[in-house]
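Order of listing sets the numbers, starting from 1, for every ligand and every atom in it. All values derive from a computational prediction rather than experimental measurement.
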Amino acid sequence: MTNPLAPGSLNGKRALVTGSSRGIGADTVTMLAEAGARVVINFRNKEKRAQQLADKIAAAGGEAIVVGADLTDADSVASMVAAIREAYEGLDILVMNASGGMESGMAEDYAMQLNRDAQVALLDAVVPILAPGARVVFVTSHQAHFIHTVETMPEYVPVALSKRAGEDALRAKIPELAEKGIEFVVVSGDMIEGTITATLLERANPGAIGARKEAAGRLYNVNEFAAEVAAAAVEPVPENNTRYVGDVSDFVGASTGE
Ligand SMILES: NC(=O)c1ccc[n+]([C@@H]2O[C@H](COP(=O)([O-])OP(=O)(O)OC[C@H]3O[C@@H](n4cnc5c(N)ncnc54)[C@H](OP(=O)(O)O)[C@@H]3O)[C@@H](O)[C@H]2O)c1
């Protein structure tokens with residue numbers, strides 16, 4: 001695993017990565033822990049995987065706690081914040097990675113509930129335990145970030161609209177966060193090879209991921225994208241509070257941007 005963060009560079013820091021039992025979240029939380037942060041692994045369903053990851057981090061000399069929470073459930077989020085306060089007293093890094101909306105059997109507006117409403121409620125719940133100088137990172141896709149100017153695959157549209165709505169609602173809080181000395185960064189990346197989302201979209205649109213790969217030159221894998229998210233948690237806040245990962249020329253050419 002290629003970690004952009006130097007060992008020890010996050011000594012004394014505390015970080016929560018939502019949805020970190022697997023995938024991009026798991027690699028991100030591992031990188032933050034390797035750099036010395038005490039981390040919180042949040043899961044919704046995958047408790048066993050979350051605990052295995054915490055054990056791996058501990059075996060490598062790091063420190064991790066595992067806290068279950070469904071972000072769409074306010075009580076569950078409140079319990080998670082209380083558990084973090086008790087274990088670490090506060091947080092210096094919040095990575096808003098958890099996402100969804102393509103699951104079957106959910107309410108029609110579930111994508112909006114999770115990707116907009118729950119993200120805003122999470123931030124509101126976590127702000128009281130964020131230390132001055134803390135960093136909040138919201139993870140999204142180019143397909144969502146640019147949804148108002150660039151078309152995407154039909155199956156992804158509800159997710160894209162809800163993630164962009166979530167991003168906008170969080171961006172509206174930048175002044176309020178700045179007053180508290182809290183920084184905010186959006187990380188936007190193209191489809192990531194090897195993820196469930198990419199697999200589902202490829203199944204519904206055979207050839208779509210290959211076409212994106214060809215258009216973009218290459219697609220990032222989970223570990224490479226996680227490295228960008230981890231770097232976004234510590235590097236200076238980019239212009240427009242936005243870190244674009246990889247080539248965005250296909251998207252920006254058709255867009256007015258922020
Ligand atoms: N996949 C891509 O191609 C791609 C491209 C660009 C950006 N991104 C962004 O990268 C981030 C991670 O994507 P991913 O593909 O790794 O996602 P994923 O495989 O769908 O994983 C989602 C994570 O979110 C958690 N989660 C889902 N619903 C939740 C809820 N209600 N409460 C708490 N946690 C919940 C899941 O936890 P459990 O496993 O415990 O259920 C899981 O850990 C997302 O923000 C996504 O938009 C992804």
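Counting heavy atoms from C-beta outward, T18 and V95 have side chains that stay 4.5 Å or more apart.
Defined by atom type and a distance below 3.5 Å, a donor-acceptor pair is present between the side-chain atoms of D247 and S249. For the residue pair E193 / N221, no side-chain donor-acceptor distance below 3.5 Å is found, with atom types taken as modelled. Side-chain contact check for D117 and Q113: no donor-acceptor pair (N or O, by modelled atom type) lies under 3.5 Å.
In this structure, R14 forms no cation-pi arrangement with Y88, as its terminal cationic atom is not both closer than 6.0 Å to the ring centre and no more than 45° off the ring axis. Taking the ring axis of Y220 as reference, the NZ or CZ atom of R218 stays within 45° of it and closer than 6.0 Å to the ring centre.
Residue contact check for ligand 1: A144 places no non-hydrogen atom closer than 4.0 Å to it. The shell of residues lying under 4.0 angstrom from ligand 1, judged by heavy atoms, excludes Y220. Taking a 4.0 Å cut-off on heavy atoms, G100 fails to register as neighbouring ligand 1. Ligand 1 lies less than 4.0 angstrom from a heavy atom belonging to T140. At least one heavy atom of D190 lies less than 4.0 angstrom from ligand 1.
With hydrogens and angles ignored, the 3.5 Å screen pairs no side-chain donor or acceptor of R116 with any backbone N or O of R164. Without hydrogens or angle criteria, H142 side chain to V245 main chain gives a donor-acceptor distance under 3.5 Å. The main-chain N or O of I209 is found under 3.5 Å from a side-chain atom of E202 such that the two form a donor-acceptor pair.
Between E167 and R171 there is a salt bridge, with a side-chain nitrogen of the basic residue lying less than 4.0 Å from a carboxylate oxygen of the acidic one.
Numbered from 1 in the order shown, with element, the atoms of ligand 1 that lie under 4.0 Å from a heavy atom of I24 read 10 (O), 12 (C), 13 (O), 14 (P), 16 (O), 48 (C). The atoms of ligand 1 that sit less than 4.0 Å from any heavy atom of S141 are 6 (C), 7 (C). Near D70, the atoms of ligand 1 lying under 4.0 angstrom from a non-hydrogen atom of the residue are 30 (C), 31 (N), 32 (N). Close approach of ligand 1 to A69 (heavy-atom distance below 4.0 Å) involves ligand atoms 32 (N), 33 (C). The contact set between ligand 1 and T197, taken as ligand atoms under 4.0 Å from a residue heavy atom, comprises 1 (N), 15 (O). Within the listing of ligand 1, atoms 44 (C), 45 (O), 46 (C), 47 (O) sit less than 4.0 angstrom from a heavy atom of K163. Against a heavy-atom cut-off of under 4.0 Å, L71 is close to the following atoms of ligand 1: 30 (C), 31 (N), 32 (N), 33 (C). Taking every heavy atom of Y110 and a limit of under 4.0 angstrom, the matching atoms of ligand 1 come to 31 (N).
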Mind running salt bridge (charged side-chain N to carboxylate O under 4.0 Å, His left out) on D190 and K213 for me, showing each step along the way?
-> CA-CA 9 Å; D190 210 324; K213 191 172 180 173; over 6 Å; no
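In terms of protein heavy-atom proximity, atom 9 (C) of ligand 1 is closest to V139 CG1, 3.7 Å. For atom 37 (O) of ligand 1, the nearest protein heavy atom (residue, atom name, distance) is R44 N, 3.9 Å.
For atom 17 (O) of ligand 1, no protein heavy-atom neighbour is found at a distance under 4.0 Å.
With I192, N42, N97 as candidates, the residue nearest to atom 45 (O) of ligand 1 on a non-hydrogen basis is N97. Across G25, S99, S76, S21, heavy-atom proximity to atom 27 (C) of ligand 1 is greatest for S99. For atom 25 (C) of ligand 1, the nearest non-hydrogen atom from the set G246, A118, G19 comes from G19.
Close N/O approach between T195 and ligand 1 is found [any backbone or side-chain N/O within under 3.5 Å].
Ring-plane geometry between Y244 and F146 is classed as parallel, the angle between the planes falling under 30 degrees on a 0 to 90 degree scale with a further cut at 60.
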